[in-house]
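Notes follow the structure.
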Protein chains: 2
Amino acid sequence: MITSAGSARGQETRQRIVDVALELFREHGYDGTTMRAIAKEARVSLGNAYYYFASKDDLVLGFYDQLQTAHESLAETVLAQETELEARLRGVVRAWVDEAEPYKDFAGKFFRNASDPSSPLSPFSKESSPVRDSAIALYGRVLDGTKVSPLVKDDLPELLWLYAMGIVLYWVHDASPRTAKTYTLIERSVPLVVKLVNLSRYRLLRSAVEDVKRLLTDVKQ
Amino acid sequence: MITSAGSARGQETRQRIVDVALELFREHGYDGTTMRAIAKEARVSLGNAYYYFASKDDLVLGFYDQLQTAHESLAETVLAQETELEARLRGVVRAWVDEAEPYKDFAGKFFRNASDPSSPLSPFSKESSPVRDSAIALYGRVLDGTKVSPLVKDDLPELLWLYAMGIVLYWVHDASPRTAKTYTLIERSVPLVVKLVNLSRYRLLRSAVEDVKRLLTDVKQ
DNA sequence: GTCTATAGTGGGATAGAC
DNA sequence: GTCTATCCCACTATAGAC
């Protein structure tokens with residue numbers, strides 16, 4: 001969330017606006033939905049809608065937030081069942097695609113803004129850092145109970161999140177029926193990622209791993 | 001360019017609009033530049049500007065086109081001098097960053113366009129735009145005269161281009177002074193990429209290479 | 001702090017005459 | 001190909017109610 005708590009009534013209004021917005025987005029697309037229509041449908045004044053959301057784009061952050069929460073709870077059921085890194089990672093990434101499916105049609109519009117660095121919607125922006133942090137934390141939990149070289153354990157959550165962002169990027173552009181190709185990509189790439197992670201155990205690759213780690217610290221913004 | 005030729009006078013008007021737009025974008029940023037201001041400065045009516053460019057974003061595509069051409073010619077001088085894969089790749093990628101530098105402030109807006117799946121310019125879209133093809137071809141020329149395993153030679157141009165897209169993605173979000181961090185990233189990652197390419201020579205990794213190749217063919221849109 | 005109502009402004013985009 | 005006139009809508013401003 002962007003704003004701090006507020007009263008119960010405020011939270012309710014806020015939620016109602018997000019809900020209505022998502023419904024209308026799904027129905028008429030992002031551009032086809034006006035702030036006036038959202039306000040009307042949510043039974044608030046236009047000004048009041050802007051009281052809660054600084055801009056139309058800002059509403060999308062509410063969507064991110066909701067999606068993240070839904071993903072988290074779906075992911076937890078996966079993590080409760082699976083113990084192998086491969087199954088855990090695949091399950092969690094798949095859960096995101098499952099969860100986001102109904103919004104596929106207008107996700108492109110969001111992503112368009114999200115890839116603008118000056119937009120608060122950018123996954124790398126300051127504004128989305130709470131969402132980002134909890135997403136990264138989720139990929140940290142993917143590693144729970146698995147055997148991972150301590151050499152990379154600290155960096156892995158962020159790297160796995162980055163990998164998942166790559167999947168999202170692909171998904172947004174995936175026009176195959178029911179995004180079948182995205183599922184194929186996950187199926188095929190997760191084992192590769194896991195192999196790579198396991199390789200980091202070997203002495204032989206220690207210097208290469210150190211190289212990558214140094215690259216990351218130097219280059220992290 | 002998007003539209004076909006048109007008359008000489010039309011081409012002139014069109015070019016004038018692009019030139020003015022780039023100048024104003026650089027001066028006041030993308031959002032700070034209105035279509036009205038562009039039209040006025042280019043001495044055409046607002047409607048006439050829209051005759052040539054379907055949208056404000058569309059104007060940015062003119063910029064992309066111009067940048068691509070400039071990059072290619074700068075890259076050629078690099079390729080004429082260097083013979084080692086590492087130096088060639090580093091030089092070509094650096095050339096892009098050098099060339100794009102003056103436009104850094106509003107380059108994000110361009111990137112936004114490119115990552116819109118519904119945009120024909122989307123670098124990941126099926127209908128390969130000529131610009132994308134010539135960019136990939138450029139990374140093919142990076143390999144000229146270098147020793148690369150025939151197992152990967154066919155896929156490498158596209159993969160190197162993908163790597164370069166990753167650098168661009170980073171650059172767009174890079175807020176360090178004179179994008180120093182992007183240059184660091186190039187400096188550190190190019191050797192890793194080259195090492196990886198050289199590793200593909202070894203029998204030991206043949207199955208892994210085949211895995212990746214199969215992944216690519218299955219997942220290519 | 002939450003909300004209404006209303007009246008703007010600015011700028012992207014379009015229609016249709018010439 | 002070029003214009004003028006207009007539309008639409010995100011967003012702002014303001015003044016006040018509870």
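The sequence lines fix the lettering, A, B, ..., with proteins before strands; numbering per chain opens at 1. Reckoned from all heavy atoms, side chains included, excluding hydrogens, waters and symmetry mates.
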Q. Hey, are E99(B) and Q66(B) close enough side-chain-wise for a donor-acceptor pair under 3.5 Å?
A. no
Q. Where the side chain of S55(A) is concerned, which of dC11(D), dA13(C), dT4(D) is the nearest nucleotide?
A. dC11(D)
Q: Round to the nearest Å and state the distance from R36(B) atom CZ to dC7(D) atom P.
A: 13 Å
Q: Pick base, sugar-phosphate or nothing for R9(B), based on heavy-atom distances below 4.0 Å to the nucleic acid.
A: sugar-phosphate
Q | Pairwise 5' ranking along DNA chain D for D31(A) and G47(A), keeping only the more 5' one | A | D31(A)
Q. Which whole-number value in Å describes the distance from L59(B) CG to dG11(C) C1'?
A. 15 Å
Q. How close or far is atom C1' of dG1(D) from atom CZ of R14(B), stated in whole angstroms?
A. 13 Å
**Q.** Distance-only side-chain donor-acceptor flag, D98(B) / Y183(B), under 3.5 Å
**A.** yes
Q) Do R90(A) and E82(A) come close enough that some side-chain heavy atom pair is under 4.5 Å? A) no
Q: Would you mind reading off the distance between I38(A) atom CD1 and dC11(D) atom P, rounded to a whole angstrom?
A: 10 Å
Q. Would one find a side-chain N or O of T13(A) under 4.0 angstrom from OP1 or OP2 of dC3(C)?
A. yes
**Q.** Distance below 4.0 Å between Y50(A) side-chain N/O and dC11(D) OP1 or OP2
**A.** yes
Q) Nearest-Å distance, CG (L46(A)) to C1' (dA5(C))? A) 10 Å
Q) OP1 or OP2 of dC3(C) sitting under 4.0 Å from any side-chain N/O of Y51(A)? A) no
(Q) Regarding T34(B), tell me which of base, sugar-phosphate or nothing describes its non-hydrogen contacts under 4.0 Å with the strands shown. (A) sugar-phosphate
Q) Could you give the CG-to-C1' distance, from D57(A) to dC11(D), as a whole number of Å? A) 12 Å
Q: Calculate the interatomic distance between K40(A) atom NZ and dC9(D) atom P; express it in whole Å.
A: 13 Å
Q.
Under a 3.5 Å threshold, yes or no: a donor from one side chain and an acceptor from the other, between D174(B) and S176(B)?
A. yes
Q. Is any side-chain nitrogen or oxygen of S7(A) closer than 4.0 Å to OP1 or OP2 of dT2(C)?
A. yes
Q: Check for a donor-acceptor pair, side chain of K213(B) on one end and backbone N or O of D155(B) on the other, with a separation under 3.5 Å.
A: no
Q: Take the protein atom OH of Y52(B) and the nucleotide atom C1' of dC3(D), then report the distance between them rounded to whole Å.
A: 13 Å
Q) dT2(C) phosphate, OP1 or OP2: any side-chain N/O from N48(A) under 4.0 angstrom? A) no
